[in-house]
Protein chains: 2
Amino acid sequence: MMIKINLQSDVPLYTQLTNQIIEGIASGALARGEALPSVRSLSSDLGINMHTVNKAYSALKQEGYVEIHRQKGVVVQNSLPEADDAYYRQLEEKVRPIISESICHNVSEDALLELCRSIFKQIRSSGKAT
Amino acid sequence: MMIKINLQSDVPLYTQLTNQIIEGIASGALARGEALPSVRSLSSDLGINMHTVNKAYSALKQEGYVEIHRQKGVVVQNSLPEADDAYYRQLEEKVRPIISESICHNVSEDALLELCRSIFKQIRSSGKAT
DNA sequence: TGTCTGTTATACAACTACTATAACAGATAA
DNA sequence: TTATCTGTTATAGTAGTTGTATAACAGACA
């Protein structure tokens with residue numbers, strides 16, 4: 001799986017990493033049980049520090065996306081976390097300000113829903129492509 | 001309009017402020033042309049520093065939500081910014097990781113769309129209420 | 001003139017993001 | 001056993017962000 005880092009972005013490097021890996025899992029590009037590159041190899045591939053990759057991996061572990069086997073390395077969880085009430089609350093907290101902004105920018109409800117649908121589609125198809 | 005600050009949250013204070021004010025504008029609770037409290041009065045009401053409020057107001061000005069008249073203070077823009085291509089790109093960048101996460105948590109497309117619809121509804125109705 | 005407004009300049013403490021070395025411990029293969 | 005791979009931990013430095021604290025400035029208006 002291809003991972004790209006934008007050093008100019010104001011999004012922290014480890015967040016860019018976690019986002020892309022989560023999208024990889026969502027799309028199926030990263031299969032359950034598949035191993036991620038080691039912190040050392042990925043950091044040297046991307047030209048960034050080992051600890052930055054480690055921070056991303058630790059966050060993914062914390063949130064239940066991966067588990068870690070010594071020597072085997074970091075592996076995508078077979079059973080991903082199910083959404084519970086806490087997750088839905090936190091999801092709403094993230095979406096709410098985005099919707100407020102959209103309303104102010106005169107983006108209609110339909111337009112936003114359509115954007116969501118197209119992103120769902122994109123993610124699903126990007127998994128099949130790989 | 002009621003503004004509440006959560007000092008325990010990991011969301012920066014000035015971000016909490018901008019989010020709530022933007023939601024206020026979106027809902028109509030803050031009318032076009034209406035004046036916001038002065039940085040000094042709002043900061044003392046909330047028990048936070050003047051500069052924190054000022055940072056929120058400056059961000060709102062930067063993004064075109066308010067304009068500033070000396071003496072009159074900070075006033076909601078009559079013509080809010082319209083969504084352009086750049087806005088849609090940045091909107092997709094925000095929504096994309098949320099959708100990836102949702103997929104991994106087994107949240108269906110329909111469930112997420114329904115959440116968006118309910119938030120739209122909430123925001124619109126909260127404006128009428130006030 | 002006094003008082004309101006936003007603005008600007010400094011400065012400080014705490015925290016975050018990223019980097020840099022270095023070392024440790026478990027697992028595996030030669 | 002030894003070498004090499006894995007993640008983990010410790011320490012430390014730089015830079016930037018967040019929030020606070022004083023203080024002063026300039027425009028507007030009663």
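Order of the sequence lines fixes the chain letters, A, B, ..., with proteins taken first and strands second; residue numbering starts at 1 for each chain.
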### Query
Could you go step by step and tell me if R117(B) and E114(B) meet the salt bridge (Lys or Arg N to Asp or Glu O under 4.0 Å) rule?
CA-CA 5 Å; R117(B) 285 192 201 97; E114(B) 195 46 45; 2.8 Å; yes
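Ionic pairing of K94(A) and E101(B) is present here: one or more N-O contacts between side-chain nitrogen and carboxylate oxygen are shorter than 4.0 angstrom. Remark: K72(B) does not engage E67(B) in a salt bridge, criterion side-chain N to carboxylate O under 4.0 Å.
Evaluation of the side-chain hydrogen bond (donor to acceptor under 3.5 Å, both in side chains) test over residues 8-32 of chain B, restricted to residues two or more places apart or in two chains, returns R96(A)-E23(B). Screening residues 47-56 of chain B for salt bridge (Lys or Arg N to Asp or Glu O under 4.0 Å), with sequence neighbours left out, gives no hits. Contacts classified as salt bridge (Lys or Arg N to Asp or Glu O under 4.0 Å) and involving residues 11-22 of chain B (residues at least two apart or in different chains) are not found.
In this structure, D10(B) atom CG and dT16(C) atom P are separated by 10 Å, rounded to whole Å.
Looking at V95(B) and C116(A), their side chains come closer than 4.5 Å, going by heavy atoms from C-beta outward. Residues V66(B) and L36(B) have side chains in contact (heavy-atom distance under 4.5 Å, counting atoms from C-beta outward). At least one side-chain heavy atom of L42(B) sits less than 4.5 Å from a side-chain heavy atom of Y57(B).
Listed in residue order, the members of residues 39-55 of chain B having a heavy atom less than 4.0 Å from DNA chain D are R40(B), I48(B), N49(B), M50(B), H51(B), T52(B), K55(B). For the segment residues 11-24 of chain A, no residue has any heavy atom less than 4.0 angstrom from an atom of DNA chain D.
Taking the 5' to 3' direction, DNA chain D first and last meets chain B under 4.0 angstrom from a heavy atom at dT18(D) to dC29(D).
Aromatic ring centres of Y88(A) and H105(B): separated by at least 6.0 Å.
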